[in-house]
Number of protein chains: 2
Amino acid sequence: MRAAVALADRVGIEALSMRKLADELGVVPMALYKHVANREELLDGMVEAIVGEIDPPTAGADWKSAVRGRVLSARRALQRHPWARQAMETRTTKTPAVLDYMDSFIGMFRAGGFSIDLTHHVMHAIGGRMWGFTQELFDDAPRPGTAPRAPMPPEAQAAMMQQMAARYPNILAVAMASAHEDSAVGQGCDDQFEFEFALDTLLDGFERLHQQGWTSARARGQATGS
Amino acid sequence: MRAAVALADRVGIEALSMRKLADELGVVPMALYKHVANREELLDGMVEAIVGEIDPPTAGADWKSAVRGRVLSARRALQRHPWARQAMETRTTKTPAVLDYMDSFIGMFRAGGFSIDLTHHVMHAIGGRMWGFTQELFDDAPRPGTAPRAPMPPEAQAAMMQQMAARYPNILAVAMASAHEDSAVGQGCDDQFEFEFALDTLLDGFERLHQQGWTSARARGQATGS
DNA sequence: CTTGACACGTGTACAGCGTACGCCTACTTT
DNA sequence: AAAGTAGGCGTACGCTGTACACGTGTCAAG
């Protein structure tokens, strides 16, 4: 796994093949399949490793600087591994380290007193920026070419829920809240709304900066008002 | 090209191979290479086609609703072709339709009276959201595995500049301004700054919403303050 | 001390991929 | 009529992921 990350750092993600990695390890290609089921799972593992490099949230900080610091840490991790962004974007399954990160990320807003509802929208808005770059989050839309996962037996689902509740309380809270909301849409969350929420938050910010005659804050040595 | 888009719509981008596309057209694979140099160029062309589907900016609207409408149009185009997002993210060369779109996008802010400087940062901040999703823009960082493009003879470069100036005046204006800025960094633009600018714009927006006791605007039938 | 399970590596094989190279045919332009 | 050109064809090469069967070594239970 570490070797895969190192190799990708050197040759990029496209050039990382099972054969090249096997060569690197002085081993025959098929040997790798004793450790991962397939190439996809290898990429999953690599992403896990990168997510693990992100610093934990600074304890005792206000929500804003906690979030800010965490995102910048994620960005640093991504910059160390330029292939990681693309790899994350193509990943479809959410692995434990990713869920951990999301859960604790949600936790930062909750600890700052954000309502579940606002937290939910805010998570969408910050989207992949939370990874040090940007992507749509919660993107469960079935893409063509990806087979729908096999349905699980109900008791297994229940057990899964238990596990989830214990390990990812914040994710669950948000998911539950958005599931039975008294909105017009009813079940699930409204992608269009989330997109416009993020867009408008940015546009409103731009408007404010423009109205107050913003000139390069860089020269003044700070970013925005924060 | 149209056939490629249609096929990708059906089977996804991963499953779109030169051979499948050739089959679709009732033709032998190598026949495709009379129309495109390679698969990359095919993808470039497909992205061009999608960008061409985005509506032109509404004439006579204020900058904010012009930008808003355009982004939502881009989003609609992307939703019609779920593979397009990923395709655009892997594209490295900026093709004419893409440059046209960027130029006219910059133009919307300029027409709204934004300074070149603010426009620049704002373009970074809105990033790929301008595409109906989100990505880092102006991302010219050389990735491993991509050969550096062959350098051009200087007179060709000059001619290129002429063309650029005529066709993409807004892009050029922004590029020029950021090239010789009196900042500490000097030449080029500061990725880190741009990232933090966008992040802080969002965080400031979140803070404002939180402070004014935001509750689901969806129930009230509007997004944010706009 | 033997036996079997298990983790891990090997070798061979196959189908699918992008595409280099050379050849052929039909149509347009002169 | 001649020549160029746009497009399609066939073959072939090296690369990919991975299925399947077959070793080995380590270790616990009989």
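Proteins get letters first, then strands, A, B, ... in listed order; numbering begins at 1 in each.
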Testing D:dG17, C:dG11, C:dC23 for proximity to the side chain of A:Ser17, the answer is D:dG17

Would A:Arg167 and A:Asp103 pass as an ion pair if we require N to O under 4.0 Å? no

Would you call A:Glu24 and A:Arg10 a salt bridge, taking side-chain N to carboxylate O under 4.0 Å as the test? yes

Ignoring hydrogens and angles, does a donor from either the side chain of B:Arg19 or the base of C:dG18 sit under 3.5 Å from an acceptor on the other? yes

Can you tell me which nucleotide in C:dC23, C:dT10, D:dT18 comes closest to the side chain of B:Lys34? C:dC23

Round to the nearest Å and state the distance from B:Arg39 atom CZ to D:dC15 atom P. 19 Å

State yes or no: are the ring centers of B:Phe195 and B:His124 separated by less than 6.0 Å? no

Electrostatic pair B:Asp9:B:Arg80 at N-O distance under 4.0 angstrom: no

Within the structure shown, what part of the strands sits under 4.0 Å from B:Val28 by heavy-atom distance: base, sugar-phosphate, or nothing? base

Return the 5'-most residue of the pair B:Met30, A:Met30 with respect to DNA chain D, ranking by each residue's nearest nucleotide. B:Met30

Round to the nearest Å and state the distance from A:Leu16 atom CG to D:dG17 atom C1'. 13 Å

In whole Å, what is the span from the CD atom of A:Glu41 to the P atom of D:dT18? 10 Å

Per atom distances to the A:Pro29 side chain, the nearest of D:dT18, C:dT19, C:dT10 is D:dT18

Picking from D:dC9, D:dG7, D:dT18, the nucleotide nearest the side-chain atoms of B:His35 would be D:dG7

Without decimals, in angstroms, what is the distance between A:Leu21 CG and D:dG17 C1'? 13 Å

Rounded distance in Å - CD (A:Glu40) to P (D:dT16): 17 Å

Taking atom C1' of C:dG18 as reference, at what distance in whole Å does atom NZ of B:Lys20 sit? 14 Å

Would you mind checking if A:Arg76 and A:Glu53 are paired as a salt bridge, meaning a charged N to carboxylate O distance below 4.0 Å? no

Between A:Leu25 (CG) and C:dC8 (P), how many Å, whole number? 14 Å

